[in-house]
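Beneath this line is the structure, given in structure tokens, with notes to follow.
Ligands are counted one by one from 1 in listed order, and the atoms in each one are counted from 1 as well. This structure is a prediction, so every number in the text was calculated from the model and none was measured.
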Amino acid sequence: MTRPGELGDVLISEAEIRAMIRRIADEISNDYAGREVLLVGVLKGAFMFMADLVRELKVASQVDFMAVSSYGKETKSSGVVRILKDLDEDITGRHVIIVEDIIDSGLTWSKLRELLLTRGPASLALCAAFDKPSRRKVANLKVDYTGLEIPDAFIVGYGLDYQGFYRDLPDVRTLRLEAEN
Ligand code: IMP
Ligand code: MG
């Protein structure tokens, strides 16, 4: 069985990812010095980023995970966010940092943000490994901690998938989809 799509060149190397993680971890460690943070990883895409990030943080942290569905098997956001797995933790009064793989249209995050704010966290921040600002559909969306900005291309690797494949790649590559050939 071959994997779907045609894998392109390395867009972001492992070394670049490592440097990005250290920079973000330093920023978070400074901003939250003396406080405890609850990192909420959005499954499945954020699992690798979350594992790397948490090991570089200097502040006390706890982790939890959520799974949401916004894409199905498509490559574009539908704008409808379904909660597939909710948090185990009560976030009331806690400093919550959502950890996302990538922000694209911003629709997933804006819906998730609305929901989590109803639960009364002390603070709520967004941290994303990658960001495609040129694709934004939501105005004034603030990404508090951005790893690397990337151009408008479909990328895979380092947790990001296409039809469930390629999450295992240690670097980030572009993927040409069959339909575009
Ligand atoms: P948004 O709602 O458009 O911001 O969608 C964000 C979600 O779409 C991310 O959490 C990813 O799961 C997925 N996504 C967006 N762009 C890509 C990509 O280039 N490769 C893989 N997944 C992506
Ligand atoms: Mg995702």
| Purely on distance, is any nitrogen or oxygen of T108 under 3.5 Å from one on ligand 1? |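 There is such a contact, yes.
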
| task | Might you confirm whether atom CD of E27 has over 12 heavy atoms from other residues, nucleotides or ligands at distances under 6.0 Å? | result | yes

| task | Take atom CZ of R82 as the centre, draw a 6.0 Å sphere, and report whether it contains more than 12 heavy atoms from other residues, nucleotides or ligands. | result | no

May I ask you to identify, for [X], whether its side chain, its backbone, both or neither come under 4.0 Å of ligand 1 on a heavy-atom basis?
{"X": "R135", "answer": "neither"}
{"X": "D101", "answer": "side chain"}
{"X": "K137", "answer": "neither"}
{"X": "V156", "answer": "neither"}
{"X": "D104", "answer": "both"}

| field | Atoms in ligand 1 with a heavy atom of K132 nearer than 4.0 Å | value |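 Taking each heavy atom of K132 in turn, ligand 1 has 16 (N), 17 (C), 18 (C), 19 (O) under 4.0 Å.
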
| query | By number and element, which atoms of ligand 1 are closer than 4.0 Å to a non-hydrogen atom of D161? | reply | 21 (C)

| task | Determine the minimum heavy-atom distance between R119 and L87, stating which atoms define it. | result | NH1-CD1, 3.8 Å

| note | Heavy-atom closest pair (M48 atom, R167 atom, distance to 0.1 Å) is CE-O, 3.3 Å

| request: Examine distances only and state if a side-chain atom of K85 and a backbone atom of F65 form a donor-acceptor pair shorter than 3.5 Å. | output: yes

| Given G106, A128, S69, which one has a non-hydrogen atom that is nearest to atom 4 (O) of ligand 1? |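 Among G106, A128, S69, the closest heavy atom to atom 4 (O) of ligand 1 comes from G106.
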
| note | Looking only at non-hydrogen atoms, the one of S110, S105, A129, A46 nearest atom 3 (O) of ligand 1 is S105

Does even one non-hydrogen atom of [X] get within less than 4.0 Å of ligand 1?
{"X": "F154", "value": "yes"}
{"X": "I150", "value": "no"}
{"X": "A153", "value": "yes"}
{"X": "I155", "value": "yes"}

| query | So do the side chains of L160 and F130 get within less than 4.5 Å of each other, counting heavy atoms only? | reply |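 Touching, per the 4.5 Å side-chain cut-off.
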
| said: I want to check something: taking the side chain as every heavy atom from C-beta on, are F165 and L175 in contact at a cut-off of under 4.5 Å? | reply: no

| message | Please determine whether a side-chain nitrogen of the Lys or Arg among R136 and D131 lies less than 4.0 Å from a carboxylate oxygen of the Asp or Glu. | response |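 Yes, this pair counts.
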
Scan the side chains in residues 144-151 for donor-acceptor partners under 3.5 Å anywhere in the protein, sequence neighbours excluded, and list what turns up.
residue, atom, partner, partner atom, Å
D144, OD1, K142, NZ, 2.8
D144, OD2, L126, N, 2.8
Y145, OH, D31, OD2, 2.6

